[in-house]
Amino acid sequence: MALAKGEWHKLPLTLSELCLSSVLRCGQSFRWRASNPGEWTCALKGRILTLRQDDSHLHYRAIFPVAATAPRKDDTVELIRDYFNLDINLTKLYERWSAADTHFLKKAVRFVGIRMLRQDPWENLVSFICSSNNNISRISQMVDKLCTTFGPRLGEVDGHAYHDFPSPGELMGDGTEQSLRDLGFGYRAKYISTTARIVAQERLVGWLDGLRKVDYRDAHEALLELSGVGPKVADCVCLMSLDKAEAVPVDTHVWQIAQRDYGFGRGKHKSLTKATYEAIGDHFRKLWGQEAGWAHSVLFAADLKAFADVIIEEAKTEEVEKTTAKRTAARKVKTGNIREEPEEGGEGVKLDPASVDDDKKNGVEVGTVVERRVVRKAKRSLKLEVREGEDENVSLELEGATTLADRVKRRRRC
DNA sequence: ACGGGTCCTAGCGC
DNA sequence: AGCGCTAGGACCC
């Protein structure tokens, strides 16, 4: 099919309002491709959209299939404003969350511009049905196969074919489950085909999009009736496409964060039961306010292993803290005199008991911001020198290099 | 062997 | 007895 290659346009946008590479990689959407250095491309609502960013602007280019009918009006700028939720002032929200929560402040200084997308609900729903027991890399591959196999092909750019996301109707056929199994979806194949059938046949047209207009609790409850949709996936959809900024999806990562940094994991909330799940959401809503889900995604991104390069980058560019400071820190860790035990639900920094055990087993001091193997890998990818037997000092150097005065997270080999 | 859960069921307490 | 809640296992690659 012929393509109408569009021109580049731009709209003013600061980095504190949007950090494109973070937002497109932090596990909200799984379809954006790094099409060129600094460039991201995705098939979105009938066009192939490419984005890049500089200090002051977001640049965009849309490529449409040439339709037999009259040329459509190019609504790409409206699409972008909607998709990135650009009417929401993120900078102000960061200020509010930081004022309410010192732990948020500490994390957020290194992870600015992380905002919630306003995705298509159906794509969002199916993508997160895929997310169970899974990782971003494989989820992305699965979503890509789903689009390639079932979605309408828009065309080819730079030798790469782009397909739009398939509709419920395109996924409700009898062969869908088997096809998805053949594509490696595992037990999620049935969830997706069943959910597609429910949405296409047992719900009114526009039902899913219509959940944008009902309140959070009702939308959440409605989503739970679908197959493969539990509380966590329902919250992801509420937050990422149904305008429920207060929804806080609690997955294993957020559960870890809640235990490590917000005092959960003891007493009444020892394990992640339904009650604990709701208590965590309630705690964050009370702490951060109405847009708690937006705030949660900043901390979630800050903990993503894939974002370790942000920390590495800082290590490269900032001055490394002096050796004496390292030794002092290491000594403090060793004597254990910097341990803090916040009350449940209270704020403060606490050592994660699980990682303490692990690290002791491995003969490594407690508390780390990045796992050693992740650091090593990231260093390698940045062509930093990694000498044999030296890498265990990396995380210490990293911490020293950051402005973050988070002493608890330093570590050294015994 | 692990990874961004969901579903199902048995067992417990009230 | 019956319901609500929780823990544990299976599920695909």
Side-chain angles (χ1 to χ4, degrees), chain A residues 22-31 111 114 116-117 119 123-146 149 176-196 198 220-241 247-260 264-281 284 293 296-308 354-355 358 361-362 371 373-374 377:
Chain A
S22 293
V23 170
L24 299 184
R25 292 188 305 133
C26 72
Q28 295 186 52
S29 169
F30 302 94
R31 288 205 295 136
F111 294 92
I114 296 177
M116 201 50 59
L117 298 174
Q119 298 187 63
E123 171 182 345
N124 189 204
L125 171 63
V126 175
S127 300
F128 279 84
I129 288 175
C130 293
S131 74
S132 75
N133 253 319
N134 216 338
N135 53 66
I136 290 181
S137 168
R138 184 155 84 108
I139 299 165
S140 303
Q141 293 176 42
M142 285 164 65
V143 170
D144 187 54
K145 284 179 186 166
L146 188 79
T149 308
T176 299
E177 181 184 346
Q178 190 55 50
S179 301
L180 291 175
R181 281 200 175 267
D182 296 343
L183 290 170
F185 278 62
Y187 60 84
R188 305 168 195 83
K190 192 180 188 61
Y191 292 160
I192 291 170
S193 58
T194 302
T195 288
I198 293 173
H220 185 92
E221 194 180 359
L223 291 169
L224 292 181
E225 292 174 13
L226 302 171
S227 176
V229 180
K232 189 268 178 180
V233 170
D235 273 333
C236 285
V237 177
C238 281
L239 175 63
M240 300 176 184
S241 62
V248 179
V250 181
D251 59 21
T252 57
H253 288 310
V254 176
W255 173 228
Q256 297 302 318
I257 292 169
Q259 291 176 86
R260 188 191 62 205
F264 283 87
R266 293 171 285 136
K268 197 171 174 236
H269 300 301
K270 210 161 162 30
S271 65
L272 186 49
T273 63
K274 187 169 185 287
T276 303
Y277 186 104
E278 282 164 9
I280 293 172
F284 285 146
H296 125 285
S297 79
V298 176
L299 295 191
F300 180 90
D303 261 34
L304 264 185
K305 285 179 185 173
F307 282 19
S355 83
D358 270 347
K361 247 181 286 174
N362 298 330
E371 286 183 7
R373 68 174 190 284
V374 175
K377 187 176 170 190

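So that the names make sense, note that chain A is the first sequence line, chain B the second, and so on, each numbered from 1.
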Under 4.0 angstrom, heavy atoms only, what part of the nucleic acid is [X] near: base, sugar-phosphate, or nothing?
| X | value |
| --- | --- |
| A:A275 | sugar-phosphate |
| A:P231 | sugar-phosphate |
| A:R188 | base |
| A:L226 | sugar-phosphate |
| A:I129 | nothing |
| A:G184 | sugar-phosphate |
| A:V229 | sugar-phosphate |
| A:C130 | nothing |

Would you call [X] and [Y] a side-chain contact if the rule is heavy atoms closer than 4.5 Å?
| X | Y | value |
| --- | --- | --- |
| A:D235 | A:V250 | no |
| A:L239 | A:Q28 | no |
| A:L223 | A:C238 | yes |
| A:S29 | A:L24 | no |

Please assess A:S179 against A:T176 for the test side chain to side chain donor-acceptor pair (under 3.5 Å), listing each intermediate value before the final yes or no. CA-CA 5 Å; A:S179 301; A:T176 299; over 6 Å; no
Answer yes or no: side-chain N or O of A:R138 and base N or O of C:dC12 forming a donor-acceptor pair under 3.5 Å. yes
In whole angstrom, what separates [X]'s [atom1] from [N]'s [atom2]?
| X | N | atom1 | atom2 | answer |
| --- | --- | --- | --- | --- |
| A:Y277 | C:dT6 | OH | P | 15 Å |
| A:K274 | C:dA7 | NZ | P | 14 Å |
| A:I192 | C:dC13 | CD1 | C1' | 14 Å |
| A:L272 | C:dA7 | CG | P | 10 Å |
| A:N133 | C:dG9 | CG | C1' | 12 Å |
| A:I139 | C:dC12 | CD1 | P | 17 Å |

Using a heavy-atom cut-off of 4.0 Å to chain A, what are the terminal contacting nucleotides of DNA chain B, in 5' to 3' order? B:dG3 to B:dC7
Aromatic ring proximity A:F128/A:F30, centre distance under 6.0 Å: yes
If I pick the C1' atom on B:dG4 and the same atom on C:dT6, what distance separates them, to the nearest angstrom? 22 Å
Can you tell me the base-pairing partner of C:dG8? Count Watson-Crick or G-U wobble geometry only, both distances below 3.5 Å, and say none if there is no partner. B:dC8
Which residue lies toward the 5' end of DNA chain B, A:S227 or A:I136, if each is placed at its nearest nucleotide? A:I136
Interatomic distance, CG@A:L146 vs CD1@A:I139, rounded to 0.5 Å, equals 13.0 Å
Side-chain donor-acceptor pair present, A:T273, A:T276, cut-off under 3.5 Å: yes
